[in-house]
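Reviewing the structure listed below.
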Amino acid sequence: MYNSVEEFMGHVEAKNQGEKEFHQAVHEVVDSLWDFLKDHPDYIHAKVLERIIEPERVVMFRVPWRNDRGEVEVNRGFRVEFNSAIGPYKGGLRFHPSVNLGILKFLGFEQVFKNSLTTLPMGGGKGGSDFDPKGKTDNEVMSFCQSFMTELSRHIGPDTDVPAGDIGVGGREIGYLFGQYKRIMNEFSGILTGKGLNWGGSLIRPEATGYGCVYFTEEMLKAKGDSISGKTVAISGSGNVAQFATEKVNDLGGKVITLSDSGGTIHDPEGIDSDKLEYVMDLKNVKRGRISEYAEKYGATFLEGKRPWDVACDVGLPCATQNEINEADAKTLVKNGCKAVAEGANMPSEPSAVEVFLGNNILFGPGKAANAGGVAVSGLEMSQNSMRLSWSREEVDQKLQGIMQSIHQACVDHGSNDKTIDYVKGANIAGFIKVADAMIDQGAV
Ligand code: NDP
């Protein structure tokens with residue numbers, strides 16, 4: 001038994017050296033759980049905490065492929081199969097040059113709790129590669145995906161491990177990966193989610209993470225007698241999550257005033273309405289251009305190399321990547337009157353930024369609750385694949401809204417004190433209980 005969070009973290013850091021994002025993710029969870037565990041010694045006796053931070057399996061592999069000039073290139077592939085106590089491993093694939101084992105372990109660890117919160121039977125996993133799709137032709141991306149799946153196919157399956165998309169992995173990549181799996185295994189089965197609609201995909205899956213994040217924000221505001229309607233919203237990123245968060249904010253009567261990419265932020269005080277959003281979707285998903293082009297087209301301000309957090313807003317939705325809001329950004333958001341922050345991305349707020357939000361009673365929805373809508377609809381895609389049927393757009397959207405409401409309620413049940421709702425604590429405890437109980441039921445495995 002460890003005597004303090006710090007002592008426990010000393011053990012985690014010594015055993016997982018250099019994996020700073022993983023340490024950060026574990027620290028947050030252990031902080032939330034510490035007092036709860038003291039009141040529930042069965043979890044301590046069964047060493048659930050020591051077990052839950054250790055992935056069940058990590059696969060790391062060579063991915064050789066040929067570029068358009070005929071040269072061989074080599075990347076590194078990973079699949080972290082973190083926890084299967086409540087269902088097959090489930091979690092996205094990330095293709096980005098920053099990908100390493102520590103980042104995928106942080107993402108896989110978060111995924112375990114997130115998937116538990118969705119109420120669906122899914123374990124947690126994450127994978128990907130340090131491959132950079134930016135600037136590559138479709139042919140090169142296909143060549144890479146085929147090589148990646150040639151190895152990954154040995155480790156996944158509809159009842160074993162079902163990957164999906166994440167940064168750098170959208171509909172195009174899922175298509176190439178699925179095609180290669182089918183070719184190798186001679187089997188048409190639901191081994192990936194985020195598939196195309198005419199080959200096993202679910203309606204609302206592309207929209208689900210962004211929509212879900214906004215539904216969660218609306219629930220947090222509703223608990224305070226407020227709503228998104230009439231609010232100005234700063235969003236970071238301009239990929240899948242950011243695009244559909246923008247769409248849903250518009251639907252609910254809010255105004256999105258920023259989007260960004262790794263080159264900088266566009267600030268459009270008039271709001272990014274549906275026509276402008278259509279332009280962004282074409283720019284990013286088809287032309288694969290830079291967000292600065294939006295500023296040229298619409299005469300908006302381009303803040304080169306900057307994130308959106310200096311722009312005054314009522315609601316902040318970080319939807320790009322990890323650690324994109326630091327303490328100074330958080331203080332600026334608070335100073336400018338921001339009322340709510342919900343994480344569309346995974347762990348976008350540094351721990352010191354989270355402290356600022358909680359210390360100032362900002363409604364703060366952590367990623368494992370606020371962005372769980374994507375994996376929730378992936379779970380619904382798996383159900384539809386098993387049943388060999390497709391639900392309508394309205395049916396899936398309604399289920400998504402119901403799931404986001406129940407996640408919000410679970411956070412309220414486990415994170416409320418006299419004055420406020422600590423959504424971080426609520427999400428961590430609620431997510432933990434289901435997985436931990438299943439681990440204990442299944443013995444020392
Ligand atoms: P996309 O690849 O579609 O978009 C990512 C966006 O974030 C791009 O605008 C990209 O800009 C920007 N970005 C990525 N890395 C950086 C960086 N290091 N610095 C600045 N900007 C960056 O990914 P998604 O929208 O799918 O994912 C965004 C976040 O949401 C991630 O944290 C992901 O883990 C999380 N998430 C995604 C889910 C999904 O269903 N897709 C589900 C749950 C969480 P650029 O093009 O210049 O790199």
Side-chain angles (χ1 to χ4, degrees), residues 21 25 90-99 103-104 106-108 110-111 113-115 117-118 122 124 126-128 131-136 141 163-174 192-194 201-202 204-213 216 235-246 258-266 280-281 283-285 287-294 303-309 317-325 342-349 365-379 381 400 404:
E21 291 85 0
K90 182 89 198 85
L93 297 171
R94 176 176 291 190
F95 293 168
H96 192 273
S98 65
V99 162
I103 287 183
L104 294 179
F106 121 62
L107 290 163
E110 293 255 314
Q111 197 81 44
F113 295 80
K114 183 189 304 186
N115 293 3
L117 282 171
T118 65
M122 297 180 290
K126 199 84 188 187
F131 173 74
D132 187 359
K134 239 179 268 164
K136 304 285 190 302
V141 171
D166 190 76
I167 291 176
V169 178
R172 172 182 63 168
E173 290 75 15
I174 293 289
L192 290 164
T193 56
S202 174
I204 303 283
R205 176 59 190 91
E207 294 89 336
T209 308
Y211 278 19
C213 179
F216 192 87
I235 294 184
S236 65
S238 48
N240 170 269
V241 180
Q243 291 169 14
F244 288 106
T246 302
T258 69
L259 286 173
S260 69
D261 64 17
S262 51
T265 293
I266 54 117
V280 172
M281 288 181 170
L283 176 70
K284 284 289 168 182
N285 309 343
K287 301 202 175 74
R288 301 188 188 273
R290 309 307 300 156
I291 200 66
S292 55
E293 294 168 50
Y294 177 105
L303 307 163
E304 192 172 349
K306 290 255 165 49
R307 295 162 177 165
W309 316 125
L317 302 180
C319 296
T321 192
Q322 64 270 7
N323 293 329
E324 54 165 319
I325 301 185
E343 297 185 328
N346 285 308
M347 211 169 72
S349 313
K368 55 172 85 68
N371 70 39
V375 74
V377 173
S378 276
E381 182 172 330
L400 170 63
M404 297 316 294

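Order of listing sets the numbers, starting from 1, for every ligand and every atom in it. Please read these numbers as outputs of a predicted model, since none were measured by experiment.
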Ligand 1 atoms nearer than 4.0 angstrom to some heavy atom of N371 are 43 (C), 44 (C)
Please confirm whether M347 comes under 4.0 Å of ligand 1, counting heavy atoms of the residue only.
no
For E324, state whether at least one heavy atom is located under 4.0 Å from any atom of ligand 1.
no
E381/R205 ion pair, N-O < 4.0 Å
no
Is it the side chain (CB and beyond), the backbone, both or neither of N240 that lies under 4.0 Å from ligand 1, heavy atoms counted?
both
Interatomic spacing from CG in N115 to NZ in K368 - rounded to 0.5 Å:
12.0 Å
Could you tell me if R290 and S262 have a donor-acceptor pair between their side chains, going purely by distance under 3.5 Å?
yes
Taking a cutoff of less than 4.0 Å between a non-hydrogen atom of the residue and any ligand atom, is A372 in contact with ligand 1?
no
Would R94 count as a polar contact of ligand 1, with the cut-off being nitrogen or oxygen pairs under 3.5 Å?
yes
Verdict with supporting geometry, E21 and M347, side-chain contact (heavy atoms from CB on, under 4.5 Å)
CA-CA 9 Å; E21 291 85 0; M347 211 169 72; 4.1 Å; yes
Going by the closest heavy atom to atom 47 (O) of ligand 1, which one wins out of A245, S262, G168?
S262
Ligand 1 to R205, heavy atom cutoff 4.0 Å, flagged ligand atoms 40 (O)
Shortest protein contact, atom 48 (O) of ligand 1 (heavy atom only)
K134 NZ, 2.9 Å
Should one rank I167, D166, T265 by closest heavy-atom distance to atom 14 (C) of ligand 1, which comes out on top?
I167
Give a yes/no verdict on whether any heavy atom in H96 is under 4.0 Å from an atom of ligand 1.
yes
Nearest non-hydrogen atom to atom 28 (C) of ligand 1 belongs to which of A370, G128, A376, A320?
A320
Under a 4.0 angstrom heavy-atom cut-off, which atoms of ligand 1 come close to C319?
28 (C), 29 (C)
Consider only side-chain N and O atoms of N346 and K114, and report whether a donor and an acceptor are under 3.5 Å apart.
yes
Please report which non-hydrogen protein atom sits nearest to atom 19 (N) of ligand 1, along with the residue it belongs to and the distance in Å to one decimal place.
T321 CG2, 4.0 Å
Between F131 and R94, does the side-chain contact (heavy atoms from CB on, under 4.5 Å) criterion hold? Intermediate values first, please.
CA-CA 9 Å; F131 173 74; R94 176 176 291 190; over 6 Å; no
Under the criterion side chain to side chain donor-acceptor pair (under 3.5 Å), I'd like the reasoning laid out for S236 against E324: C-alpha separation, chi angles, the key distance, then a yes or no.
CA-CA 9 Å; S236 65; E324 54 165 319; 2.7 Å; yes
Tell me, do V280 and Y294 make a side-chain contact under 4.5 Å, heavy atoms counted?
yes
At under 4.0 Å between heavy atoms, is it the side chain or the backbone of Q322 that contacts ligand 1, or both, or neither?
neither
Rounded to the nearest 0.5 Å, how far does OG of S238 lie from CG of D261?
4.5 Å
Mode of S98 contact toward ligand 1 - side chain, backbone, both, neither (heavy atoms, under 4.0 Å):
neither
Using a 3.5 Å cut-off on N or O atoms only, is K126 in polar contact with ligand 1?
no
Look up atom CD1 in I235 and atom OG1 in T265, then write down how far apart they are to the nearest 0.5 Å.
12.0 Å
Determine, using heavy atoms of A242 and all atoms of ligand 1, whether some pair is separated by less than 4.0 Å.
no
Taking atom types as modelled, is there a side-chain donor on Q243 or N285 under 3.5 Å from an acceptor on the other?
yes
For F95, does the six-membered ring have the charged nitrogen or CZ of K136 within the cation-pi criterion, i.e. under 6.0 angstrom from the centroid and within 45° of the normal?
no
Short version for S260: what comes under 4.0 Å of ligand 1, heavy atoms counted, is backbone
Write out the residue and atom name of the closest protein heavy atom to atom 4 (O) of ligand 1, then the distance separating them to 0.1 Å.
G239 CA, 3.3 Å
Which of the atoms in ligand 1, numbered in the order shown and given with their element, are less than 4.0 Å from a heavy-atom of G237?
9 (O)
From atom 33 (C) of ligand 1, is the closest protein heavy-atom distance below 4.0 Å?
yes
Tell me, please: is Q243 in heavy-atom contact with ligand 1, that is, under 4.0 Å?
no
Looking at non-hydrogen atoms alone, which of G344, P348, P133, G374 comes nearest to atom 36 (N) of ligand 1?
G344
Chi angles and distances behind the side chain to side chain donor-acceptor pair (under 3.5 Å) call for S260, K306:
CA-CA 8 Å; S260 69; K306 290 255 165 49; over 6 Å; no
Given H96 and D132, is the side-chain contact (heavy atoms from CB on, under 4.5 Å) satisfied, shown in steps?
CA-CA 5 Å; H96 192 273; D132 187 359; 5.7 Å; no
Give me the nearest non-hydrogen protein atom to atom 24 (P) of ligand 1 as residue plus atom name, then the distance to 0.1 Å.
V241 CG2, 3.8 Å
CD1 of I174 to CG of L93, rounded to nearest 0.5 Å, is 6.0 Å
Contacting atoms of ligand 1, where contact means under 4.0 angstrom from a heavy atom of R290:
45 (P), 46 (O), 47 (O)
Using heavy atoms and a 4.0 Å limit, tell me yes or no: is S238 in contact with ligand 1?
yes
Check E110 against ligand 1 and report side chain, backbone, both or neither, counting heavy atoms closer than 4.0 Å.
neither
To which protein heavy atom is atom 40 (O) of ligand 1 closest, and what is the distance rounded to 0.1 Å?
T209 OG1, 2.7 Å
Would you compute the distance between atom CZ of R288 and atom CG of L283 and round it to the nearest 0.5 angstrom?
11.0 Å
Quick one: CD on E304 to OG on S292, what's the gap to the nearest 0.5 Å?
8.0 Å
